[in-house]
Amino acid sequence: MDQELNIIEKNRIDKLKKLRENGINPFSNKFEKKENIKNIKEKYGSKDKDFFENNRTEVETAGRIIIIRSFGKASFFRLRDGFGELQCYIQKDGLEAKDFELFSEYVDAGDICAVKGHLFRTKTNELTIKVEHLEILTKSVLPLPEKWHGLKDIESRFRKRYVDLIANSEVREIFKKRAEIINFIRSFLNSYDFLEVETPIMQANPGGASAKPFKTHHNALNLDLYMRIAPELYLKRLVTGGFDRVYEIGRNFRNEGISIKHNPEFTMLEFYMAYTDYKYLMSFVEKMLSELSMHICGSYTIDYGEEKLNFEPPFKRIKLKDSLVEIGGFKPDEIDSADKVFGLLSARNTQGISKTDALGELLTILFDEIVEPKLINPVFITDYPIESSPLARRNDIDETVADRFELFIAGREIGNAFSELNDPLEQEERFKSQVEAKIKEGLPAETDNDYIEALKQGLPPTAGCGIGIDRAVMLLTNSYSIRDVILFPLLKPIK
RNA sequence: GGGCUGUUAGCUCAAUCGGUAGAGCAACUGACUCUUAAUCAGUAGGUCCCCGGUUCGAUCCCGGGACAGCCCA
């Protein structure tokens with residue numbers, strides 16, 4: 001077996017065995033950490049050399065040794081815990097021989113150790129712990145990645161995210177920011193009296209979006225279930241139940257391709273607000289995102305790849321059809337009939353369209369292809385064709401469009417919102433054609449009769465919005481791929 | 001699903017027009033008591049992703065496969 005191990009691993013296992021032989025548990029759990037590194041730095045980071053010379057400052061902390069610089073009879077090493085890093089200095093003089101031997105013979109970079117000592121400042125004025133006692137808490141058997149280049153191999157980074165996190169500080173920062181972003185959104189919504197709820201992830205009839213679901217099975221009930229593709233229909237049931245403002249931040253699952261923008265499981269925020277409409281939601285979302293950008297990045301303008309994004313409100317608002325003219329460069333009379341738009345799309349060799357498609361559907365496709373990639377700064381596209389908005393309220397003046405907007409940033413859809421269709425009879429009709437369309441695509445579909453019942457009970461006038469959290473995190477952390485903002489993106493298992 | 005590219009030491013990367021591979025870091029040995037990627041000297045470390053084929057000989061050429069990345073649908 002030993003022959004299969006590389007020499008570093010073998011050496012460290014030898015050390016581990018010797019520690020045990022000497023009565024030292026290399027995986028001890030007796031140390032109680034009273035102070036983290038951030039606390040120490042906050043308390044003493046501003047104290048100067050004289051302070052430490054005149055006031056002996058005992059500290060005790062623990063963390064992973066990131067790097068050791070040894071001089072034989074003395075060494076510097078860097079200790080990191082979940083909150084910060086601090087340099088330590090250990091010297092043969094004045095230390096019990098046993099303690100120094102433990103360090104010089106048995107401790108490797110990567111080990112997790114407790115240290116006790118007093119603070120001082122080095123010649124270069126760096127706050128440092130002069131170690132008087134050291135204890136190995138966890139022996140690390142595998143070496144750390146290269147100290148300068150870190151772990152670069154993308155596949156290893158995702159498969160061994162724990163090593164990625166140890167080696168690459170930018171990665172740690174991204175996931176801290178991700179948590180801050182979600183915290184901000186939560187407190188923003190809470191401050192508007194939204195109620196956070198949890199709705200079923202396993203659903204017998206997956207609705208609320210058009211996507212292929214993952215299938216699973218409940219044995220005891222002998223029941224096929226699907227992982228939700230959206231929480232929408234459940235959240236609106238709750239508004240019917242009297243929770244006027246609800247939201248859920250949670251995982252959705254779509255059994256579709258993987259790309260720079262898509263992971264099979266991803267995190268969505270959906271929130272619903274009774275007695276408002278989609279127009280109000282535009283200003284609400286605008287406020288949330290601009291404050292978010294200020295909170296996370298300290299500015300309304302942020303860099304994203306080659307682009308600069310400006311989150312200063314108000315965001316541009318434009319009707320989908322107008323965007324095809326203004327941004328897409330089409331003349332109004334080029335896109336005023338299904339035939340003409342079909343012609344345009346065919347000329348572009350667009351797949352999956354049919355001569356029988358309605359004008360609205362074709363316009364949406366043309367928009368996706370031509371206009372969407374050009375939408376860099378945040379922009380609300382409004383007045384979506386009714387055909388592609390089965391759960392949205394029909395506009396009172398223009399019957400062909402829904403009271404709906406989508407928010408685009410950096411050429412990507414970030415949010416989707418509408419005034420909710422709360423007429424049960426119209427919803428039932430729309431479900432019928434949606435079910436037909438889904439069945440045509442081979443998706444499981446049946447009318448959600450219970451949802452219709454809920455509407456019959458009376459859903460107040462409500463507007464709701466979904467925001468892709470991963471995509472928002474990508475923007476605010478200047479991340480190129482969705483996999484950079486998901487801790488464990490889906491990969492095929494090896495072998 | 002299609003196309004292109006990649007996979008070499010623990011990590012980051014070289015090299016080979018087909019003759020069994022090299023550097024830095026990490027490791028090990030030695031020197032060194034204020035370093036910041038410490039420094040200096042030396043040593044060791046490889047199923048060149050896997051399986052076939054061609055060949056006297058394959059990490060390299062050919063075929064198949066695995067995994068990954070990018071682009072397209």
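By convention in this document, chain letters (A, B, ...) are assigned in the order of the sequence lines, proteins followed by strands, and residues within each chain are numbered from 1.
Separation of the C1' atoms belonging to B:G46 and B:G63 is 26 Å when rounded to the nearest angstrom. Annotation: B:A66 and B:G19 have their P atoms spaced 30 Å apart (nearest Å). Separation of the C1' atoms belonging to B:U16 and B:U35 is 41 Å when rounded to the nearest angstrom. Across B:C50 and B:C11, the matching C1' atoms stand 23 Å from one another, rounded to whole Å. Look at the C1' atom in both B:G52 and B:U59: the space between them is 16 Å, to the nearest Å. Distance noted for atom P between B:G3 and B:G18: 26 Å (whole Å). A gap of 16 Å separates the P atoms of B:C51 and B:U8, to the nearest Å. For the P atom pair drawn from B:G24 and B:U39, the interatomic distance equals 12 Å after rounding to whole Å.
Taking a 6.0 Å sphere around CZ of A:Phe51, one finds it holds more than 12 heavy atoms contributed by other residues, nucleotides or ligands. In A:Lys212, the NZ atom is not crowded: 12 or fewer heavy atoms of neighbouring residues, nucleotides or ligands sit closer than 6.0 Å. Other residues, nucleotides and ligands contribute only 12 or fewer heavy atoms inside 6.0 Å of the NZ atom of A:Lys215. Taking a 6.0 Å sphere around NZ of A:Lys438, one finds it holds more than 12 heavy atoms contributed by other residues, nucleotides or ligands. More than 12 heavy atoms of other residues, nucleotides or ligands sit less than 6.0 Å from atom CG of A:Asp48. Within 6.0 Å of CD on A:Glu58 lie more than 12 heavy atoms contributed by other residues, nucleotides or ligands.
The residue among A:Ala74 and A:Gly150 whose nearest nucleotide of RNA chain B is located toward the 5' end is A:Gly150. Residues A:Ser156 and A:Ile494 each lie close to RNA chain B; by heavy-atom proximity, the contact nearer the 5' end of the strand is made by A:Ser156.
Applying a 4.0 Å cut-off to non-hydrogen atoms, the residues of residues 43-67 of chain A that approach RNA chain B are A:Ile67, listed by residue number. Within residues 362-372 of chain A, no residue approaches RNA chain B, by heavy-atom distance under 4.0 Å.
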Next on the checklist: In dot-bracket form, 5' to 3', how is RNA chain B paired? Count Watson-Crick and G-U wobble pairs only if both distances fall under 3.5 Å, and write | where the partner sits on another strand.
Outcome noted: (((((((..((((.....[..)))).(((((.......))))).....(((((..]....)))))))))))).
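Nearest to the side chain of A:Tyr480, among B:A68, B:C70, B:C11, sits B:C70. Across B:U33, B:A73, B:A27, the shortest atom-to-atom separation from the side chain of A:Phe71 is found for B:U33. In the set B:C34, B:C28, B:U12, B:U12 carries the atom at the smallest distance from any side-chain atom of A:Glu146. Listed nucleotides: B:C67, B:C11, B:U36. Nearest to the side chain of A:Thr122: B:U36. Among B:U33, B:A26, B:U12, the nucleotide with an atom closest to any side-chain atom of A:Lys152 is B:U12. For A:Tyr89, whose side chain is taken as the heavy atoms from C-beta onward, the closest listed nucleotide among B:U35, B:C34, B:C11 is B:C34. Side chain of A:Ser70, nearest nucleotide from B:C71, B:C32, B:A68: B:C32. Of the candidate nucleotides B:A38, B:G10, B:C28, B:C28 has the atom lying nearest to any side-chain atom of A:Asn11. Picking from B:G10, B:C11, B:A38 the nucleotide with the shortest atom distance to the side chain of A:Lys147 gives B:A38. Nearest nucleotide to the side chain of A:Trp148, out of B:U35, B:A37, B:C32: B:A37.
The shortest distance between the side-chain N/O atoms of A:Arg159 and the OP1/OP2 oxygens of B:A68 is below 4.0 Å. Dashed line: the shortest gap from a side-chain N or O of A:Lys15 to OP1 or OP2 of B:C28 is under 4.0 Å. Taking 4.0 angstrom as the limit, A:Arg69 places none of its side-chain polar atoms (N or O) nearer than this to OP1 or OP2 of B:U35. For the pair A:Lys492 and B:C67, the criterion of a side-chain N or O lying under 4.0 Å from OP1 or OP2 is met.
You won't find any donor-acceptor pair under 3.5 Å spanning the side chain of A:Glu155 and the base of B:U7, going by distance alone.
Classification of the A:Phe103-A:Phe100 ring pair by plane angle, with boundaries at 30° and 60°, yields tilted.
Remark: the A:His262 side chain and the A:Glu256 side chain contain no N/O donor-acceptor pair separated by less than 3.5 Å. Side-chain atoms of A:Asp153 and A:Ser156 form a donor-acceptor pair, as typed in the model, at a separation below 3.5 Å. Between the side chains of A:Arg254 and A:Ser210, no donor-acceptor pair of N or O atoms lies under 3.5 Å. Side-chain atoms of A:Thr128 and A:Gln87 form a donor-acceptor pair, as typed in the model, at a separation below 3.5 Å.
B:U35 has its base stacked against the ring of A:Phe76, the centroids being under 5.5 angstrom apart at an interplanar angle below 30°.
Residue A:Glu9 is classed as having no contact, given no heavy-atom separation below 4.0 Å to the nucleic acid.
Distance NE2 (A:His149) to C1' (B:A37): 10 Å, rounded to an integer number of Å. For the pair A:Leu16 CG and B:A27 C1', the interatomic distance rounds to 17 Å; values are reported in whole Å.
Annotation: A:Tyr89 is in aromatic contact with A:Phe76 [ring centroid separation under 6.0 Å].
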Checklist entry - What's the verdict on salt bridge (Lys or Arg N to Asp or Glu O under 4.0 Å) for A:Glu53 and A:Lys47, showing C-alpha distance, side-chain angles and the deciding distance? => result CA-CA 11 Å; A:Glu53 275 166 16; A:Lys47 306 289 186 203; over 6 Å; no
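The glycosidic torsion of B:U33 lies more than 90° away from 0, which places this base in the anti conformation.
For the atom pair A:Phe83 CZ and A:Lys38 NZ, the distance stands at 7.5 Å (nearest 0.5 Å).
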